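In this text the structure is predicted, and so the values were computed from the model without any measurement. Proteins come first, then strands; the chains are lettered A, B, ... in the order of their sequence lines, and each starts at number 1.
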2 protein chains.
Amino acid sequence: MEQLRETLKGHHLRTTTCREDVLLTFMNKKNALSHGDLEGALGENYDRVTIYRTLKTFLEKGIIHKVLDDEGLRYALCSHQCSEEKHQHDHIHFKCNACGKTNCLENLHIPHVTLPSGYQPESFNLLIQGKCPECLGNN
Amino acid sequence: MEQLRETLKGHHLRTTTCREDVLLTFMNKKNALSHGDLEGALGENYDRVTIYRTLKTFLEKGIIHKVLDDEGLRYALCSHQCSEEKHQHDHIHFKCNACGKTNCLENLHIPHVTLPSGYQPESFNLLIQGKCPECLGNN
DNA sequence: AAAACACTGCAACATCGTTGCAAGTGTTAC
DNA sequence: GTAACACTTGCAACGATGTTGCAGTGTTTT
Ligand SMILES: [Mn+2]
Ligand SMILES: [Mn+2]
Ligand SMILES: [Zn+2]
Ligand SMILES: [Zn+2]
């Protein structure tokens with residue numbers, strides 16, 4: 001609880017219950033969340049629009065990052081210290097086709113790729129889809 | 001023109017002007033296209049819904065594949081022979097942050113990744129964002 | 001030619017995401 | 001503690017995106 005406030009303070013954001021609850025939801029669920037997921041979890045307490053704006057703010061401040069998958073856009077906590085100036089991510093995302101959950105594989109880095117000359121890379125996003133350990137265990 | 005018909009026939013699809021035009025648009029523009037792009041190009045000739053259904057059909061038949069980027073979903077031609085049964089893609093996608101275009105780098109393959117045990121990979125999707133050669137040339 | 005099948009346009013609808021504005025809340029300085 | 005201020009929220013309205021059902025039209029098969 002107190003940790004939440006520090007996270008928000010650390011990114012120069014006012015502590016509001018909506019922000020605390022969104023942050024808490026990200027920390028409880030381990031997987032990446034879409035706006036719809038959050039609306040399902042918190043929609044009775046907060047307006048749809050407020051949740052959109054909270055996500056946008058968190059994104060700008062470096063608290064969460066985008067996670068792309070074939071269904072659309074999701075978000076996950078930035079584990080290492082990102083800031084407004086510098087979002088840096090080079091980890092892999094895994095989506096399970098069975099349970100539908102998408103996760104950050106934080107300690108698995110995207111391998112280096114040599115681009116054709118003339119291309120200037122700035123950011124990388126690798127999504128692997130397949131079956132996750134939990135779903136393989138219950139087969 | 002005749003090539004278009006053969007592509008459609010080859011995938012067991014009837015040749016209609018809408019399908020020909022959508023296919024032609026993909027071949028003329030080199031970059032990945034969203035439904036909105038196609039609607040902009042062909043919307044006066046065909047209904048929105050027909051374009052959606054054409055994309056869905058092409059996707060199922062293996063004529064086009066999905067391309068994910070941070071703005072949403074786009075589509076690009078499958079260069080190698082994909083079919084209804086088997087979509088196989090291991091190439092890299094590049095999105096230019098300056099001009100906004102997303103392209104397939106057909107001959108650049110996604111490097112192999114060793115996943116933690118328990119994960120069973122099935123498909124891979126690597127998006128690199130940065131600046132494309134054209135935009136770097138005009139700076 | 002008739003029957004079976006496939007494709008299209010239209011209308012209606014559901015979902016998703018954005019914007020403007022007025023009211024409310026958290027923070028800071030006194 | 002209070003007042004001032006800037007920031008945040010909810011609501012309403014809107015635009016964009018994507019889906020479904022159905023009737024009409026065209027194509028293929030027999
Ligand atoms: Mn991640
Ligand atoms: Mn591609
Ligand atoms: Zn799973
Ligand atoms: Zn460019």
When the nearest nucleotide of DNA chain C is assigned to A:Thr16 and to B:Arg53 on a heavy-atom basis, which residue is associated with the more 5' position?
-> B:Arg53
Taking CD from A:Glu20 and C1' from D:dT8, how many angstroms apart are they, rounded to a whole number?
-> 14 Å
Identify each donor-acceptor pair in which a side-chain atom of residues 116-132 of chain B lies under 3.5 Å from a protein atom, sequence neighbours left out, and give them as a table.
| from | atom 1 | to | atom 2 | distance (Å) |
| --- | --- | --- | --- | --- |
| B:Glu122 | OE1 | A:Asn97 | ND2 | 2.9 |
| B:Glu122 | OE2 | A:Lys131 | NZ | 3.0 |
| B:Gln129 | NE2 | B:Asp70 | OD2 | 3.4 |
| B:Gln129 | NE2 | B:Asn97 | OD1 | 3.1 |
| B:Lys131 | NZ | A:Glu122 | OE2 | 3.0 |

Integer-rounded Å distance: D:dT17 P and B:Lys56 NZ | 19 Å
Between B:Arg14 and B:Ile51, name the one whose nearest nucleotide on DNA chain C is closer to the 5' end.
-> B:Arg14
Flag the pair B:Arg74 and B:Asp37 as a salt bridge only when some basic side-chain nitrogen lies within less than 4.0 angstrom of an acidic carboxylate oxygen.
-> yes
Taking atom C1' of D:dC7 as reference, at what distance in whole Å does atom NZ of A:Lys61 sit?
-> 11 Å
From CG of A:Leu8 across to C1' of D:dC7 the rounded distance in Å is 14 Å
Separation of D:dT27 atom P from B:Arg19 atom CZ, nearest Å, is 12 Å
Rounded distance (Å) that lies between atom C1' of D:dT8 and atom NE2 of A:His11 | 19 Å
Report yes if the distance between the aromatic ring centroids of B:Tyr75 and B:His65 is under 6.0 Å, otherwise no.
-> no
Would you call B:Glu134 and B:Lys101 a salt bridge, taking side-chain N to carboxylate O under 4.0 Å as the test?
-> no
Pull out every residue in residues 63-78 of chain A that has a heavy atom closer than 4.0 Å to any atom of DNA chain C, ordered by number, or say none.
-> none
Describe the nucleic acid contact of A:Thr57 in one word from base, sugar-phosphate, nothing, applying a heavy-atom distance below 4.0 Å.
-> nothing
What class does the angle between the rings of B:His91 and B:His89 fall in, given that below 30° is parallel, 30 to 60° is tilted and above 60° is perpendicular?
-> perpendicular
B:Gly36 or B:Thr15, whichever maps to the more 5' nucleotide of DNA chain D = B:Gly36
Min and max contacting nt of DNA chain C in 5' to 3' order, chain B heavy atoms within under 4.0 angstrom, are C:dC5 to C:dA11
Interatomic distance, A:His35 NE2 vs D:dA16 P [rounded to whole Å] | 19 Å
Taking atom P of D:dT9 as reference, at what distance in whole Å does atom CG of A:Leu42 sit?
-> 12 Å
Kindly indicate whether the side chain of B:Arg48 and the base of D:dG18 share any N or O donor-acceptor pair separated by less than 3.5 Å?
-> yes
